[in-house]
**Student:** 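Sharing a structure, written as structure tokens. Questions coming.
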Amino acid sequence: MKIATWNINGIKARQDNLLAWLSAESPDILCLQEIKSQDESFPRAPIEALGYHVETHGQKGFNGVALISKKAPDETCRGLPGAEDDIQSRYIEGVFSVAGGVVRVASIYLPNGNPVDSDKYPYKLAWMSRLKDHVSQQLALEEPLILAGDYNVIPRPGDCHDPDLWAGDALFLPATRDAFNTLCALGLYDAVTSTDDAAGQYTFWDYQAGAWQKNNGIRIDHMLLSCEAADRLRTTIIDKNVRGWEKPSDHVPLVAEFSFDWA
DNA sequence: ATGACGTCAGTTTGACGA
């Protein structure tokens with residue numbers, strides 16, 4: 001079973017790229033972030049025409065996440081629990097039946113947090129704390145759990161081209177990395193570094209200043225796994241080729257192959 | 001160098017992103 005995550009930076013602007021990628025790669029489950037669309041205006045039909053089921057959690061203009069899957073989830077959860085007054089659409093979770101049990105998959109769009117002297121940074125840290133609380137509950141289920149998405153966290157200096165440039169940024173501040181490490185310390189495995197610990201495995205290149213051409217990238221899209229999921233992980237691939245397509249997203253897909261089969 | 005570049009909302013320029 002192939003499970004992927006991709007921040008597409010606008011579903012309407014990226015529809016052709018998405019359909020081409022789905023056709024070429026045929027993932028079983030794809031977690032999308034930054035759909036920048038309301039649920040009712042999400043272009044479901046052409047995706048369904050490829051044989052996919054679509055679950056969205058959108059909002060007007062910004063943010064928005066979705067789950068695209070070859071089979072419908074048995075249940076879904078929209079929004080990260082723990083703050084009923086949070087109206088930003090950044091979390092959707094689905095439970096999928098597979099042979100011998102279930103896999104629980106979340107599409108996550110963690111807040112950026114810049115500028116750090118605004119209320120956006122405390123919102124980011126509070127969101128990470130809520131995520132930790134939620135994940136600790138989910139881990140008690142002892143299920144295969146896959147937390148995939150744009151974390152807006154550069155975990156290590158080797159996950160960016162020039163750490164000095166990121167020193168004061170919300171993606172790389174010590175408090176940000178501490179929160180990410182605290183989350184991982186619940187017992188999660190990073191799919192990328194578990195299979196290849198090398199530096200420079202970027203998932204994002206800015207549109208500006210020729211970042212792609214200079215390979216000035218960062219690794220901020222991650223797939224964190226419970227041990228029950230990590231036991232089934234076969235391979236992980238960052239599909240950086242997609243960054244060179246026409247009208248690309250600034251993020252590329254992260255794809256993991258697991259030894260699960262549909263029920 | 002709070003800039004470049006891109007998307008969205010919805011009217012032409014501002015908010016937001018990383």
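Computed from heavy atoms alone, side chains included, the values below leave out hydrogens, waters and symmetry copies. Within every chain, numbering begins at 1; the chains are lettered A, B, ... in the order of the sequence lines, protein sequences first and strands thereafter.
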**Student:** Pick base, sugar-phosphate or nothing for A/Y109, based on heavy-atom distances below 4.0 Å to the nucleic acid.
**Tutor:**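 Sugar-phosphate, backbone atoms only, no base.
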**Student:** May I ask you to check whether A/D169 and A/N114 show a side-chain donor-acceptor distance below 3.5 Å?
**Tutor:**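 The answer is yes; a qualifying pair exists.
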**Student:** From CH2 of A/W166 over to P of B/dA18, roughly how many Å is that when rounded to an integer?
**Tutor:**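 Those two atoms, CH2 and P, are 10 Å apart.
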**Student:** Compare side-chain N and O positions of A/K120 against OP1 and OP2 of B/dG17 and report whether any pair is under 4.0 Å apart.
**Tutor:**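 A/K120 to B/dG17 OP1/OP2: side-chain N or O found under 4.0 Å.
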**Student:** Measuring only the P atom in each nucleotide, how far is B/dA1 from B/dA15? A whole number of Å is fine.
**Tutor:**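 That atom pair is separated by 24 Å.
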**Student:** List, by chain and number, the other hydrophobic cluster members for A/L141, where Ile, Leu, Val, Met, Phe, Trp and Tyr join if side-chain heavy atoms come within less than 4.5 Å, directly or indirectly.
**Tutor:**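 Hydrophobic cluster check, A/L141: no partners found.
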**Student:** Going by the rule ring-ring contact (aromatic ring centres under 6.0 Å, His included), which residues pair with A/H251 if we only count those two or more places apart in sequence or in a different chain?
**Tutor:**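 By the ring-ring contact (aromatic ring centres under 6.0 Å, His included) rule, A/H251 matches A/F204.
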**Student:** Could you list by number each residue of residues 196-205 of chain A showing a heavy-atom separation from DNA chain B of less than 4.0 Å, or answer none if no residue does?
**Tutor:**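 Nucleic-acid contacts, sorted: A/F204.
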**Student:** Starting at atom CZ of A/F62, determine the distance to atom C1' of B/dT7, rounded to an integer number of angstrom.
**Tutor:**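 These atoms are roughly 9 Å apart.
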**Student:** Within the structure shown, what part of the strands sits under 4.0 Å from A/N9 by heavy-atom distance: base, sugar-phosphate, or nothing?
**Tutor:**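 Touches sugar-phosphate only.
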**Student:** Which whole-number value in Å describes the distance from A/N152 CG to B/dC16 P?
**Tutor:**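 Between P of B/dC16 and CG of A/N152: 15 Å.
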**Student:** Which part of the nucleic acid, if any, lies within reach of A/D250 when heavy atoms closer than 4.0 Å are counted: base, sugar-phosphate only, or nothing?
**Tutor:**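 No contact.
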**Student:** Where each residue is assigned the nucleotide of DNA chain B containing its nearest heavy atom, which of A/S41 and A/N7 is assigned the position nearer the 5′ end?
**Tutor:**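 The residue mapped nearer the 5' terminus is A/S41.
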**Student:** Rounded to the nearest Å, what distance is computed from the OH atom of residue A/Y207 to the P atom of nucleotide B/dC5?
**Tutor:**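 For the pair A/Y207 OH and B/dC5 P, the rounded distance is 13 Å.
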**Student:** Identify which nucleotide among B/dA9, B/dG17, B/dT7 has an atom closest to any side-chain atom of A/K12, counting heavy atoms from C-beta outward.
**Tutor:**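 For A/K12, the side-chain atoms sit closest to B/dA9.
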**Student:** Write out the stems for DNA chain B, ordered by first number and formatted as range with range, counting runs of at least 3 consecutive Watson-Crick or G-U wobble pairs under 3.5 Å.
**Tutor:**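 Detected stem regions: B:5-9 with B:13-17.
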**Student:** Looking for any heavy atom pair under 4.0 Å, which part of the strands does A/D150 touch: base, sugar-phosphate only, or nothing?
**Tutor:**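 The residue A/D150 makes sugar-phosphate contact but no base contact.
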**Student:** Using the side-chain hydrogen bond (donor to acceptor under 3.5 Å, both in side chains) rule, collect all pairs that involve residues 237-248 of chain A, keeping only residues at least two apart or in two chains.
**Tutor:**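 Qualifying pairs: A/W21-A/D239.
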**Student:** Holding to ring-ring contact (aromatic ring centres under 6.0 Å, His included), I want the full list of residues that pass it with A/W212, two or more places apart in sequence or in another chain.
**Tutor:**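 Counting only residues at least two positions away or on another chain, A/W212 forms a ring-ring contact (aromatic ring centres under 6.0 Å, His included) with A/W205.
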**Student:** Could you check how far CD of A/Q59 sits from C1' of B/dA15, rounded to whole Å?
**Tutor:**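 After rounding, the reported distance stands at 13 Å.
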**Student:** From B/dT7, B/dA18, B/dG17, pick the nucleotide closest to the side chain of A/L171?
**Tutor:**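 Within the option list, the nearest is B/dA18.
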**Student:** If you look only at pairs with a residue in residues 177-193 of chain A, which of them pass as a side-chain hydrogen bond (donor to acceptor under 3.5 Å, both in side chains), with sequence neighbours excluded?
**Tutor:**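 Listed once each, the pairs are A/D190-A/R219.
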**Student:** Taking only residues two or more places apart in sequence, or in another chain, which ones meet A/Y91 in a ring-ring contact (aromatic ring centres under 6.0 Å, His included)?
**Tutor:**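 For A/Y91, the residues satisfying ring-ring contact (aromatic ring centres under 6.0 Å, His included) (neighbours in sequence not counted) are A/H134.
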**Student:** Hey, which sits more toward the 5' end of DNA chain B by its nearest nucleotide, A/I35 or A/P115?
**Tutor:**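 First, find each residue's nearest nucleotide; the 5'-ward one identifies A/P115.
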**Student:** The criterion is side chain to side chain contact (heavy atoms under 4.5 Å, CB included); which residues satisfy it with A/E228, sequence neighbours excluded?
**Tutor:**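 Once residues adjacent in sequence are excluded, the partners of A/E228 under the side chain to side chain contact (heavy atoms under 4.5 Å, CB included) criterion are A/E142, A/P144, A/S226.
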